[in-house]
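Residue numbers start at 1 and run along the sequence shown.
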Amino acid sequence: MSHIISVPIKGMHCRSCEILVEEELKELKNIEKVEVNHKQGQAIIHYTGNTPSDEEVKSAIVKAGYSVGVADELTIFSRDKNEYKNLGLAFLFLTILYLLLDRFGLTSFSLASDLGKPSLGFILLVGLVAGFSTCMALVGGLSLGLSTKFLKSHPEAGAAQRFRPHLYFILGRIVSYAFFGGLLGALGTLIKISSTANGIITTILGFVMIVMGLQIINIFPRLNNIKLTLPKGIARAFGISRSGKEYSHTNSMILGAITFFLPCGFTQAMQLYAVTTGSFVSGAIVLGLFAIGSAPGLLSIGGLTSLVRGNFKEWFFKVAGLAVIFFGLFNLNNCYTLASLQFGIASDKNTSQTQEVNDPNVLLQNGVQIVHMIESRRGYSPNKFLIKKGIPVKWVIDAQAPSSCASAIILPKLNIERSLMAGENIIEFTPTESGDLPFSCSMGMYSGVFSVVE
């Protein structure tokens with residue numbers, strides 16, 4: 001005859017914790033089945049024969065890395081004044097750091113070179129620049145959040161162990177880039193990631209980063225009940241059973257692989273080149289090398305967690321958590337910009353302009369409106385134009401930073417998407433309706449608008 005006992009457990013934070021506790025309890029005699037729920041903080045033990053002693057159960061739970069007892073109820077806001085003091089200092093530090101980086105022009109990089117026939121060394125260089133610039137906002141933010149959360153969950157881990165989640169993130173990224181780069185090379189233009197799909201993925205990951213950041217700064221303890229993990233069945237399918245740390249690594253690899261689909265000018269320039277190779281092997285080499293080149297920059301930000309020691313940890317958590325939140329908000333703002341372009345959320349504030357108003361940046365030659373614009377690592381200049389309805393437009397773009405984020409330009413209302421090459425690029429269209437025609441880079445970082453008047 002089967003019997004049941006319930007045991008309260010403290011310290012569990014995810015489904016991998018459930019797996020660890022279940023496996024240790026199953027080692028006890030007469031145990032038929034064990035059901036552990038980290039949200040409820042308890043284990044339901046099914047057994048036959050003699051009841052397992054309290055000491056045996058406690059020993060198994062402690063061996064798994066947890067303790068017997070009921071966890072204290074989490075409050076909405078932290079009651080520790082030091083938490084808020086450290087948060088204020090962290091915010092001040094990040095603000096000063098950003099202003100210094102921006103002052104010396106280190107918040108954006110570009111390579112003024114033609115990507116028509118890049119060498120393998122140049123592809124690595126593009127990846128290196130991407131890893132230290134705009135791509136870090138999304139990819140680096142994800143990686144920093146993952147490795148910081150790992151450190152909070154495993155404070156006993158050594159420096160090498162703390163660095164491992166980030167290495168798994170990079171590994172997943174390299175494998176994904178090489179595989180999908182090969183598919184791009186083999187299938188060419190048959191594979192195309194829409195700006196809508198990019199926006200959806202970026203939005204989801206933006207929210208993930210914000211939740212991770214809020215959990216890291218520990219100002220809202222109750223948010224720790226939100227667990228960004230995979231189902232326990234999938235964890236077992238990956239062979240994750242004896243180590244909670246490995247479960248974190250699998251999540252890191254999956255998120256690293258997903259970054260292939262994120263909208264970044266650097267990445268899209270390499271994806272476009274992979275398409276032109278017409279070969280699976282060549283496409284895989286191009287995107288794989290690009291991912292390898294971006295690794296140093298991404299490792300530098302995630303690797304900070306491996307250096308954290310002693311009392312410095314709590315302050316570091318605040319800085320890292322705020323940085324992850326800022327990255328998340330930054331990307332959500334970019335997604336809003338893309339949604340404004342894609343679904344017409346932006347207001348047509350310029351439609352009241354009259355026909356008599358002329359734009360000095362728009363020249364009328366032989367019945368065609370000539371628009372000149374410069375693309376650089378800082379975006380588009382000028383980026384606002386007044387054009388007239390029904391008259392053809394010749395949009396001449398001088399791409400001075402063809403491997404920057406701004407080089408992937410979109411104008412969704414007219415279904416225009418273009419990866420700019422070095423030098424002069426020409427896009428032609430005829431506006432048929434008055435109103436705004438907004439455009440931006442594919443990531444939503446840099447934007448502009450054509451205001452169409454009667």
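Partners of E433 according to the side chain to side chain contact (heavy atoms under 4.5 Å, CB included) rule, which considers only residues two or more places apart in sequence or in another chain, do not exist here. Annotation: side chain to side chain contact (heavy atoms under 4.5 Å, CB included) contacts of N383 (sequence neighbours excluded): Y380.
Nearest heavy-atom pair, L386 versus D359, reported as atom, atom and distance to 0.1 Å: N-OD2, 2.8 Å. Of all the heavy atoms in S451 and D436, the pair that sits closest is OG-OD1, 3.3 Å. Minimum heavy-atom separation, L94 to L322: CD1-CB, 3.5 Å. When all heavy atoms of E83 and S78 are compared, the pair lying nearest together is CG-OG, 3.5 Å. For the residue pair L255 and F169, the shortest heavy atom distance occurs at C-CE1, 3.9 Å. Contact detail for H372 and P382: the closest heavy-atom pair is O-CD, 3.8 Å.
Side-chain contact between L184 and V286 is absent, with no heavy-atom pair separated by less than 4.5 Å. Within the 4.5 Å cutoff, no side-chain heavy atoms of S176 are placed close to those of M253. Contact annotation: the side chain of L89 never approaches that of F93 to less than 4.5 Å [non-hydrogen atoms, C-beta and beyond].
For E454 (side chain) and S434 (main-chain N/O), no donor-acceptor pair under 3.5 Å exists by modelled atom type. Between the side chain of E22 and the backbone N or O of V36, at least one donor-acceptor pair lies under 3.5 Å. With K388 contributing its side chain and V453 its backbone, the two residues share no donor-acceptor pair below 3.5 Å.
Interatomic distance, Q369 CD to L363 CG, rounded to the nearest 0.5 Å: 10.0 Å. Atom CG of L437 is separated from atom CG of L414 by 5.0 Å, given to the nearest 0.5 angstrom. Note that the CG atom of N333 and the CZ atom of F330 stand 8.0 Å from one another [nearest 0.5 Å]. Atom CD1 in I325 sits 12.0 Å away from atom CG in L332 (nearest 0.5 Å). Distance check, rounded to the nearest 0.5 Å: CD1 of I397 to CD1 of I374 gives 11.5 Å. Within the model, atoms CZ of F91 and CZ of F326 stand 5.0 Å from one another, a figure rounded to the nearest 0.5 Å.
Screening residues 381-400 for ring pair (Phe, Tyr, Trp, His ring centres under 6.0 Å) gives F385-F450, W395-F439, W395-F450 as the qualifying pairs, with residues at least two apart or on separate chains.
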Does I409 form a side chain to side chain contact (heavy atoms under 4.5 Å, CB included) with N425? I'd like the steps, not just the answer.
CA-CA 11 Å; I409 194 167; N425 298 259; over 6 Å; no

Go through it in stages, so that I can follow the logic: the residues are L411 and I427, the test is side chain to side chain contact (heavy atoms under 4.5 Å, CB included), and I'd like the CA-CA distance, side-chain angles, deciding distance and then a yes or no.
CA-CA 11 Å; L411 200 166; I427 299 175; over 6 Å; no

Might you work through the side chain to side chain contact (heavy atoms under 4.5 Å, CB included) test for Y177 and T259, ending with a clear yes or no?
CA-CA 9 Å; Y177 271 59; T259 60; 3.7 Å; yes

Under the criterion side chain to side chain contact (heavy atoms under 4.5 Å, CB included), I'd like the reasoning laid out for R378 against Y446: C-alpha separation, chi angles, the key distance, then a yes or no.
CA-CA 8 Å; R378 292 288 185 179; Y446 308 110; 5.6 Å; no

Assess the residue pair K394 and E428 against the criterion (salt bridge (Lys or Arg N to Asp or Glu O under 4.0 Å)); give the C-alpha distance rounded to whole Å, side-chain angles, the decisive distance to 0.1 Å, and a yes or no.
CA-CA 5 Å; K394 185 178 181 180; E428 297 179 311; 5.4 Å; no

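F429 CZ: more than 12 foreign heavy atoms inside a 6.0 Å radius. Under a cut-off of 6.0 angstrom, the local environment of CZ in F77 is sparse, with at most 12 non-hydrogen atoms contributed by other residues, nucleotides or ligands.
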